[in-house]
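Heads up: the structure comes next, in structure tokens.
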Number of protein chains: 4
Amino acid sequence: MKNIIKGIIPPMITPLLNPDTLDVQGVANLVEHLIGGDVNGIFILGTTGEAQQLSTRLKKELIAQSAKCINGRLPLLVGITDCTVEDSLIVAEFAAKHGATAAVAAPPYFFALSKSELYDYYTTLADKSPLPVFLYNMPSHTKAMMDLDLVEKLAQHPNIAGLKDSSANGVYFCKLLKMFASRPDFGLYVGPEEMFAPMVLMGGHGGVSGGANVYPKFFAELYAAAAKCDVATTLALQSRMLEVGEKLFGIGQYSAGYIKGIKTALKQKSIINADCMAHPFSSLNADDSAKVAQALQYLDSL
Amino acid sequence: MKNIIKGIIPPMITPLLNPDTLDVQGVANLVEHLIGGDVNGIFILGTTGEAQQLSTRLKKELIAQSAKCINGRLPLLVGITDCTVEDSLIVAEFAAKHGATAAVAAPPYFFALSKSELYDYYTTLADKSPLPVFLYNMPSHTKAMMDLDLVEKLAQHPNIAGLKDSSANGVYFCKLLKMFASRPDFGLYVGPEEMFAPMVLMGGHGGVSGGANVYPKFFAELYAAAAKCDVATTLALQSRMLEVGEKLFGIGQYSAGYIKGIKTALKQKSIINADCMAHPFSSLNADDSAKVAQALQYLDSL
Amino acid sequence: MKNIIKGIIPPMITPLLNPDTLDVQGVANLVEHLIGGDVNGIFILGTTGEAQQLSTRLKKELIAQSAKCINGRLPLLVGITDCTVEDSLIVAEFAAKHGATAAVAAPPYFFALSKSELYDYYTTLADKSPLPVFLYNMPSHTKAMMDLDLVEKLAQHPNIAGLKDSSANGVYFCKLLKMFASRPDFGLYVGPEEMFAPMVLMGGHGGVSGGANVYPKFFAELYAAAAKCDVATTLALQSRMLEVGEKLFGIGQYSAGYIKGIKTALKQKSIINADCMAHPFSSLNADDSAKVAQALQYLDSL
Amino acid sequence: MKNIIKGIIPPMITPLLNPDTLDVQGVANLVEHLIGGDVNGIFILGTTGEAQQLSTRLKKELIAQSAKCINGRLPLLVGITDCTVEDSLIVAEFAAKHGATAAVAAPPYFFALSKSELYDYYTTLADKSPLPVFLYNMPSHTKAMMDLDLVEKLAQHPNIAGLKDSSANGVYFCKLLKMFASRPDFGLYVGPEEMFAPMVLMGGHGGVSGGANVYPKFFAELYAAAAKCDVATTLALQSRMLEVGEKLFGIGQYSAGYIKGIKTALKQKSIINADCMAHPFSSLNADDSAKVAQALQYLDSL
């Protein structure tokens with residue numbers, strides 16, 4: 001981790017043939033699609049990867065297959081979020097053996113943890129993890145907002161390498177940017193794609209953008225413009241990028257709807273073999289799938 | 001499950017020697033303590049059992065040891081709550097092999113699930129579970145309140161046997177009682193001990209009461225009074241029972257504080273061998289432990 | 001306030017001819033309907049009374065008219081909830097001049113107040129109020145749960161007379177009952193009608209039940225059974241009472257839907273002259289009004 | 001409102017001599033301080049202005065005095081947020097008579113309103129308001145997030161002129177910027193000062209920044225840099241601006257703490273005559289006031 005990762009790190013969806021069977025060929029295709037789209041890393045087993053809905057066995061298959069397909073061409077980040085330290089480490093160790101670059105962990109998410117419990121959790125995890133650990137702030141799902149002073153303390157740990165923030169809170173991220181202005185080795189990444197460009201203009205290191213599963217180049221170009229502070233180009237590309245989510249994310253219902261939109265789009269583009277979701281999520285129905293087809297026709301033309 | 005369970009079903013704490021090592025002797029002692037206290041069933045691997053913080057391996061050890069110690073003397077209910085259907089079923093099957101009576105499942109708790117997703121989840125689980133399934137409503141931890149019409153639909157499933165409600169919502173439980181007044185085979189249990197007595201007066205089947213780990217007899221006597229609609233005795237015993245939580249639950253900080261209070265009390269009573277909590281929780285400090293000792297002295301005198 | 005109020009205190013809806021015009025005759029009719037239904041007090045300008053949506057001028061008209069119609073036959077409680085102490089006191093003083101019995105105040109509801117701010121607020125209010133003040137716990141609308149130790153402290157104030165709890169939290173109310181077991185002068189009332197009966201069995205003083213606007217006798221009979229600890233009758237009447245809310249409250253959409261159901265029912269019973277709601281609420285549409293008519297036919301037959 | 005307001009519009013605190021007495025001279029001084037600091041408008045009776053805690057009488061005094069002091073030199077925006085349409089309009093009409101430029105209204109905040117209720121509310125208000133209305137999105141205090149499609153519909157109303165967003169949600173604001181890219185007449189302003197600069201880089205029209213009460217020039221300079229897309233200067237000035245909140249806002253406890261910090265700072269700078277807060281808030285204690293003095297010494301040196 002000497003060189004910090006900068007740019008677009010798509011949170012890869014998990015291609016499934018059925019709720020507990022990996023689409024092995026789909027993983028291979030999707031990895032090529034992403035690398036061909038000039039992304040800067042690949043993050044598997046995040047929220048978009050439905051990690052919490054996957055069995056430990058399937059997680060391991062996905063790690064092995066992703067690592068094999070990437071084959072060292074890009075950093076591989078692996079989500080190890082779990083309520084149990086022991087089971088998180090089982091995944092981290094498996095990922096390390098397969099050459100992963102780093103582990104990403106949101107807080108345990110059953111109990112709402114206090115600040116000192118979060119500190120203890122991450123310290124225990126980072127002490128034992130064979131991979132550098134990225135913090136993952138995701139209060140909507142974990143009930144725990146990682147306060148700035150907590151992040152500041154955790155960032156002193158030699159095995160904690162950065163933070164992905166999915167809170168959508170612009171105040172929080174702007175304060176993080178100031179706090180770590182003198183720590184260029186501590187990576188700061190934005191989850192929600194709609195706001196990564198302005199945060200990169202202000203010094204952020206990249207975006208973990210769900211829509212980049214489908215249109216990686218849109219995101220890579222936008223990142224490049226923002227990273228060199230070309231505001232005019234950023235504004236122009238931002239508008240195009242926002243269309244991806246506008247057209248694809250609102251079709252599927254409920255909180256995992258955006259994942260359904262992405263999977264259906266990738267299936268229609270023949271990158272993955274099925275739009276299957278893990279339990280208890282269901283795929284889009286025929287009407288909604290038709291809307292995705294329309295959306296892709298429009299988005300492909302941009 | 002021909003005969004519905006009625007009465008006190010303590011959510012057993014998980015005795016630990018260290019965060020990933022079971023206190024095998026502690027389990028044996030605690031089971032005897034509970035059976036000696038006239039409880040009507042034992043529920044392991046619930047929230048009070050820190051199930052979400054325990055590795056799969058440790059869960060299995062606890063199931064095996066609990067089943068061996070209970071040895072058929074009482075119904076054994078086993079929590080199988082997990083975000084993954086596959087991993088829930090692994091625990092359910094293990095429990096079934098060891099003679100457990102039923103499985104208890106709160107909804108997956110990372111994504112906030114919609115009503116139809118909850119329906120699909122429980123239907124899938126109940127279809128495949130070798131044990132009857134109890135629903136477990138726990139919105140503070142799972143983000144999902146199980147609406148009454150959902151419960152009504154799920155109760156039609158032949159392998160769904162009842163519901164434990166930990167919402168503390170008196171309106172909700174009173175509506176459940178009316179909804180299931182003509183379904184005496186569908187068990188309705190109250191999580192928070194402070195309110196089980198009035199709900200039993202109104203027809204509820206029992207309480208899954210944390211404090212019963214320490215003072216099972218207090219709870220069993222209160223249940224008995226409420227079950228036979230002896231309001232005067234209920235009121236008198238309710239006051240004594242409430243003292244348990246008042247004195248023990250507020251000492252430990254944060255959301256798992258009440259578990260710390262119970263473990264410390266059981267350690268001081270030499271029923272378990274350590275007050276150790278699973279990661280990322282810490283035990284009470286010396287000052288707080290001293291408060292527990294004082295509390296026990298008072299409570300033992302009641 | 002020497003004699004504590006016990007029993008059913010309906011939170012009276014505010015009859016309106018249009019959003020800012022009082023239905024003066026409707027108030028008169030409704031007061032007679034309630035007194036004829038054997039209620040034990042009348043509470044105007046509560047949540048069910050849409051107080052927060054009414055102009056100060058209209059609030060004063062309602063107070064004057066209600067006081068005139070009740071004419072001392074029953075205690076009159078007046079909601080004075082406001083974010084501003086000064087404006088709350090204007091209403092309290094007006095109510096006192098018209099012979100009201102007590103004022104009821106939920107916390108200021110724009111900022112989420114801390115415990116010490118709630119203490120300061122109520123102390124200031126009670127010091128200056130010409131009427132005894134009832135606390136009103138309503139966390140869903142005020143963002144502030146009134147902790148037990150706060151209530152205990154406030155109950156020492158000579159001008160604070162009791163508490164209405166609309167949290168629906170059975171644990172909270174059971175703890176209140178224990179806390180005030182030796183303070184029979186401090187009134188404890190339950191907001192949500194579905195749970196008042198079990199709380200009265202356990203020692204609560206009554207219910208502030210929205211459905212009692214329409215069927216006061218159902219509620220008065222249930223209260224009487226519970227107050228004398230006749231569990232069998234309580235259970236039988238509870239079932240009938242629950243039908244009121246089941247049939248009437250779910251028809252109107254959104255959070256004020258239950259108020260729409262009550263107003264439409266009272267209009268159809270010719271007790272009030274219009275089903276008009278205050279801004280920004282709208283009345284039920286024709287389809288939903290027809291459902292209310294059906295519901296009344298059924299409920300009248302019970 | 002032909003010319004849209006761009007730049008910094010401080011949400012002016014309300015100078016008070018005691019909780020219900022206006023500091024008339026303080027208003028005059030503060031207005032001069034702000035105009036001297038190159039702000040682009042003044043917003044009174046917002047959240048920072050403690051509007052919800054002020055009596056109607058005091059609100060009117062503040063409007064009259066502010067209008068007199070500004071004397072047409074800058075746009076005057078007046079908060080009219082209230083749960084009652086009728087009382088909101090009383091304030092709006094008073095403001096219009098005193099020459100205010102626009103009214104700003106957050107949704108009614110007692111009930112959580114649905115989207116259609118919000119639409120009805122704002123349409124009613126805008127129809128009747130003598131001043132153009134700005135929408136004010138403030139979900140933490142009003143419980144209602146103003147969805148994008150609602151804003152889009154409301155923006156068609158000829159008397160709705162823009163939106164102030166205090167949600168701190170970067171995704172939301174970026175989507176607003178795209179939605180209104182072709183509507184340069186619809187003003188989009190950011191509440192939380194920490195994130196206004198990146199949003200102005202992306203096309204936002206300004207900031208309603210609490211800290212600008214104390215250091216208006218810091219904010220005006222930052223706005224100017226961002227508005228001309230000078231990213232390097234923006235980054236340098238952003239860091240200085242963030243120090244204001246870091247040093248001043250965390251001293252006072254609880255949700256209104258930042259207002260206490262601002263008032264104490266302005267008192268110490270002899271701009272206002274007292275650090276008095278409206279009920280039920282209390283001023284900083286001596287220790288905390290000393291911290292403000294230290295903070296000012298540091299900030300004045302930047």
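Just so you know, these numbers come straight off a predicted model, no measurement behind them. Chain naming here is simple, since letters A, B, ... match the order of the sequence lines and numbering starts at 1 in each.
Chain B forms more heavy-atom pairs under 4.5 Å with one residue of C/P192, C/A181, C/S239 than with any other, namely C/S239. Most heavy-atom pairs under 4.5 Å with chain C: of the set B/M195, B/K178, B/E194, this distinction falls to B/K178.
Residues B/M202 and C/T234 have side chains in contact (heavy-atom distance under 4.5 Å, counting atoms from C-beta outward). With contacts defined as side-chain heavy-atom distances shorter than 4.5 Å, the pair B/N169/C/N169 does not qualify. Side-chain contact between C/E193 and B/V171 is absent, with no heavy atoms from C-beta onward closer than 4.5 Å.
Residue C/V231 comes nearest to B/V231 through the heavy atom pair CG2-CG2, 3.4 Å, listed as atom of the first residue, atom of the second, then distance.
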